[in-house]
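Below is one structure, written out as structure tokens; comments come after it.
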Amino acid sequence: MVTEVENNLLTSTGPDAQMGQLLRRYWIPMMLASELHEPDGPPVRVSLLSEKLLAFRDTQGRIGLIDEFCAHRRVSLWFGRNEENGLRCPYHGWKYDVTGQCVDVPSEPKENGFCQKMKLKAYSCIELGGVIWTYMGPPELKPEPPAFEWVSLPASHCFISRRTQESNFLQALEGGIDSSHVSFLHSGELDTDPLHKNTKGAKYARSKTTTFDILESPGGLIIGARRDAEPGQNYWRITPWIMPWYTLIPPYSGNALNGHVWVPIDDHNCMAWSITFHPSRPLSEEERDAMVNGKGVHVDLIPGTTTPTANRVELCRASLASAKLAGSLRSVARNFAYIAQII
Ligand code: FES
């Protein structure tokens with residue numbers, strides 16, 4: 001159990017926080033490339049590591065990630081117009097390119113160079129493996145682009161989704177690496193879910209007793225969870241945790257592989273990425289259909305959003321509705337009982 005001080009240290013993600021600075025030294029999955037595919041299309045709000053940013057693809061297809069708010073009167077550029085290689089503020093028309101540089105101030109003569117002095121915060125982006133990644137750290141310390149196996153596969157071999165999760169990234173990550181949850185949370189779907197079905201692992205993962213063994217590795221931890229298998233044998237589930245937020249789910253026989261990325265939106269919420277891939281074959285129609293419908297490590301989303309249909313508000317609504325229904329049924333039953341007494 002971490003202390004409150006340690007917890008605050010590990011989950012503070014702003015630019016001035018120690019953890020925030022560490023996390024900014026990595027490439028960060030920002031959004032699916034399909035969410036920003038159209039040159040001059042509408043800009044998209046991005047909340048990352050407690051910063052409010054705006055992503056857009058300019059006329060030439062270049063990707064920009066800049067401060068959401070205009071340098072003039074701090075109007076949100078989400079309302080702006082993405083046109084002719086820049087994003088134009090809707091209020092007084094200042095225009096910014098993908099580097100955050102102001103390239104036009106309509107009320108100032110071009111010759112006086114006023115707009116050159118205005119620049120918004122901006123982060124560099126790359127497109128890789130169907131994902132747009134950004135780097136928010138010191139430019140001189142920018143690492144090599146990510147080289148995970150799933151990043152280099154053809155699109156046919158990989159399915160990626162992302163969802164907002166109402167927990168900080170450390171809580172989500174901790175859930176991912178604690179393999180003992182499989183025996184309880186997933187026990188009802190081990191025979192049917194495409195992630196688990198038709199494997200011996202699904203049989204052994206039912207064992208409720210898990211013993212952990214952990215090895216340090218140069219890039220994180222190798223987390224082993226041992227359960228009983230056939231008499232005299234053990235079943236080991238090995239979960240790699242790769243700095244700072246990647247986890248790989250132990251494989252189930254020849255089924256597709258799965259992983260997660262837990263990226264902080266702010267200190268209290270995170271973006272949970274789910275990746276399913278097979279290194280040597282395209283994913284089948286059946287697998288894709290299942291994942292689109294929220295099976296395996298993916299979840300059902302409210303269309304056009306990254307919000308799961310099973311979110312806190314909806315669950316509260318559902319439990320209120322069922323409480324009301326239960327109340328109605330109770331009153332019907334009471335009425336029947338009353339009527340039964342008087343006849
Ligand atoms: S607030 Fe953006 S141009 Fe004035």
Side-chain angles (χ1 to χ4, degrees), residues 12-17 20-21 23-24 27-127 131-142 162 164 263-271 302-307:
S12 297
T13 60
D16 298 326
Q21 289 173 4
L23 295 174
R24 280 167 175 75
W27 283 101
I28 306 169
M30 178 179 103
M31 60 172 54
L32 293 166
S34 58
E35 295 174 83
L36 197 72
H37 60 93
E38 197 188 336
D40 287 342
V44 178
R45 282 189 168 117
V46 175
S47 294
L48 267 184
L49 307 187
S50 305
E51 294 190 41
K52 288 190 178 305
L53 304 163
L54 205 60
F56 67 103
R57 200 183 280 271
D58 75 3
T59 313
Q60 296 178 55
R62 295 175 302 185
I63 300 165
L65 182 64
I66 64 175
D67 191 340
E68 180 183 340
F69 304 100
C70 180
H72 184 210
R73 298 278 183 237
R74 301 297 283 163
V75 160
S76 170
L77 293 167
W78 185 73
F79 298 102
R81 290 198 303 269
N82 185 10
E83 58 189 16
E84 296 167 344
N85 284 319
L87 200 52
R88 192 178 287 284
C89 178
Y91 201 175
H92 313 94
W94 291 24
K95 184 177 174 182
Y96 304 91
D97 70 11
V98 289
T99 69
Q101 179 64 53
C102 182
V103 290
D104 189 21
V105 175
S107 58
E108 290 286 330
K110 276 232 178 330
E111 315 76 73
N112 72 12
F114 176 76
C115 74
Q116 294 304 320
K117 297 178 196 148
M118 301 294 154
K119 189 165 190 212
L120 291 178
K121 175 171 62 184
Y123 298 116
S124 59
C125 298
I126 52 171
E127 194 174 331
V131 173
I132 299 173
W133 309 70
T134 187
Y135 174 73
M136 298 169 70
E140 68 281 10
L141 297 174
K142 189 191 289 181
R162 64 184 192 128
T164 46
V263 179
I265 292 171
D266 53 32
D267 298 354
H268 308 286
N269 300 278
C270 69
M271 187 62 72
I302 295 174
T305 74
T306 55
T307 307

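Basis for what follows: all heavy atoms, side chains included, without hydrogens, waters or symmetry-related copies. Ligands are counted one by one from 1 in listed order, and the atoms in each one are counted from 1 as well.
Sorted by first and then second residue, the pairs that involve residues 29-40 and meet salt bridge (charged side-chain N to carboxylate O under 4.0 Å, His left out), not counting sequence neighbours, are Glu35-Arg162.
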Stepwise side-chain hydrogen bond (donor to acceptor under 3.5 Å, both in side chains) test for Glu84 and Thr59 | CA-CA 6 Å; Glu84 296 167 344; Thr59 313; over 6 Å; no
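Annotation: side chain of Thr306 is in contact with side chain of Met271 (closest heavy-atom distance under 4.5 Å).
Distances shorter than 2.8 Å separate atom 4 (Fe) of ligand 1 from the protein N/O/S atoms His72 ND1, His92 ND1.
Within a 6.0 Å radius of NE2 in His268, other residues, nucleotides and ligands contribute 12 heavy atoms or fewer.
Qualifying side-chain hydrogen bond (donor to acceptor under 3.5 Å, both in side chains) partners for Thr99, counting only residues two or more places apart in sequence or in other chains: Asp97. Residues that satisfy the salt bridge (charged side-chain N to carboxylate O under 4.0 Å, His left out) test with Arg88, not counting sequence neighbours, are Glu83, Asp104.
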